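Structure first, then comments.
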There are 2 protein chains.
Amino acid sequence: MANSKLYKGSLNTIILKLLDEKGKMYGYEITQKVKELTKGELTITEGALYPALHKLEAEGLLDVEVAKVDNRIRKYYKLTEVGEKETVNRLAELEEFIRSMQNLVKPNWSIQ
Amino acid sequence: MANSKLYKGSLNTIILKLLDEKGKMYGYEITQKVKELTKGELTITEGALYPALHKLEAEGLLDVEVAKVDNRIRKYYKLTEVGEKETVNRLAELEEFIRSMQNLVKPNWSIQ
DNA sequence: CTAATATACATAATTTTCTTATGTATATAT
DNA sequence: ATATATACATAAGAAAATTATGTATATTAG
């Protein structure tokens with residue numbers, strides 16, 4: 001993701017979450033969906049996305065299915081059973097992380 | 001920070017925010033404060049913290065002041081004027097990032 | 001009709017940012 | 001006496017991005 005130096009480490013979880021919601025998606029679709037959902041705030045770069053998808057597949061969390069649409073190749077990814085279980089764990093971790101960050105950033109704890 | 005692979009990229013902003021709140025802090029104090037504020041969720045490692053402090057200082061965002069307490073050296077860091085301005089920007093970025101992450105993770109947008 | 005933009009994949013080189021492993025030194029608690 | 005806590009530091013290595021390419025087809029704009 002260009003623009004934001006911050007999100008590092010959360011890309012895999014984002015991918016898993018999107019696939020969990022949509023059932024199956026292809027790479028380019030994921031980049032567009034993230035742009036849409038974050039109103040352009042986060043832009044997944046191809047150099048980050050494709051290696052991430054390949055790694056998740058190699059880890060057995062994703063399955064691929066190749067399709068040809070309008071004479072162009074698409075690779076649809078979907079969660080495996082293992083992937084679905086991992087998604088639950090990683091989402092919980094990410095939400096915990098977000099909560100922690102808010103504790104750090106939001107409150108004026110120095111007043112006490 | 002051990003435990004969480006997620007927070008990458010946000011350490012600098014966390015440091016700036018803590019210094020903004022407290023006025024001045026030393027390295028070890030920062031590690032303990034983060035542990036406290038996140039209930040042990042995030043643990044800043046020394047290998048991450050000290051290089052980060054040195055870099056922020058080199059960038060002109062922090063000033064150092066060496067003190068000797070109980071025969072042990074402490075290095076107190078505080079924001080420079082430039083550092084204060086940067087803190088505002090980076091906090092805004094971080095909050096925006098957190099909001100984006102929540103948009104990605106929370107809602108069941110696939111229902112529509 | 002042709003040039004730019006969008007769609008769709010991929011990878012290599014490099015950089016950033018950590019973790020892990022050390023190292024030094026003092027103070028306190030067991 | 002030994003372990004733990006306080007307090008700094010850095011080097012080696014790993015992880016996860018960015019940036020820069022590359023290929024190829026489809027569509028839109030001038």
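Atoms considered below: every heavy atom in the structure, side chains included; atoms not considered: hydrogens, waters and symmetry mates. In this text the structure is predicted, and so the values were computed from the model without any measurement. Naming convention: chains lettered A, B, ... in sequence-line order (proteins, then strands); numbering from 1 in each chain.
Along DNA chain D, the nucleotide nearest Glu29(B) and the nucleotide nearest Leu49(A) are compared for position; the residue whose nucleotide lies closer to the 5' end is Glu29(B).
One finds a side-chain N or O of Asn71(A) lying less than 4.0 angstrom from the OP1 or OP2 phosphate oxygen of dA26(D). Checking the phosphate oxygens (OP1, OP2) of dT17(C), a side-chain nitrogen or oxygen of Lys55(B) falls inside 4.0 Å. Regarding contacts with the backbone of dA7(D), a side-chain N or O of Tyr26(B) is found under 4.0 angstrom from either OP1 or OP2. For the pair Tyr50(B) and dT10(D), the criterion of a side-chain N or O lying under 4.0 Å from OP1 or OP2 is not met.
Val88(A) and Ile98(A) fall into different hydrophobic clusters, where Ile, Leu, Val, Met, Phe, Trp and Tyr are joined by side-chain heavy atoms under 4.5 Å apart, directly or via other members. With hydrophobic clusters built from ILVMFWY side chains whose heavy atoms lie under 4.5 angstrom apart, Ile73(A) does not share a cluster with Ile30(A).
The separation between Gln32(B) atom CD and dA5(D) atom P is 10 Å, rounded to whole Å. At whole-Å resolution of the value, CG in Leu11(A) and P in dT17(C) are 17 Å apart. A straight line from NZ of Lys75(B) to C1' of dA7(D) spans 10 Å, rounded to a whole angstrom. With rounding to whole Å, Leu53(A) atom CG is found 14 Å from dA8(C) atom P. Between the P atom of dT20(C) and the CD1 atom of Ile44(B) lies a distance of 15 Å, rounded to the nearest Å. Between the P atom of dT15(C) and the CG atom of Asn12(B) lies a distance of 19 Å, rounded to the nearest Å. In this structure, the CG atom of Asp70(B) is 11 Å from the C1' atom of dA7(D), given to the nearest Å.
Within the 4.0 angstrom heavy-atom criterion, only backbone atoms of the sugar-phosphate kind lie near Arg74(A); the bases stay farther away. Among the protein residues, Lys68(B) comes within range of no part of the nucleic acid, since none of its heavy atoms lies under 4.0 Å from any strand. If you check every strand for non-hydrogen atoms under 4.0 Å, Gly27(A) touches sugar and phosphate atoms only.
For the pair Ile14(A) and Met101(B), the minimum side-chain heavy-atom distance is below 4.5 Å.
Using a 4.0 Å cut-off between a side-chain N of Lys or Arg and a carboxylate O of Asp or Glu, Glu93(B) and Arg90(B) do not qualify as a salt bridge. A salt bridge does not link Lys85(B) with Glu81(B): none of the charged nitrogens is closer than 4.0 Å to a carboxylate oxygen.
Of the candidate nucleotides dC8(D), dT10(D), dA7(D), dA7(D) has the atom nearest to the side chain of Arg72(B). When distances are taken from the side chain of Glu46(A) to each of dA10(C), dA17(D), dC18(C), the shortest belongs to dA10(C). Minimum atom distance to the side chain of His54(A) is reached by dT11(C), of the listed dA27(C), dT11(C), dT20(C).
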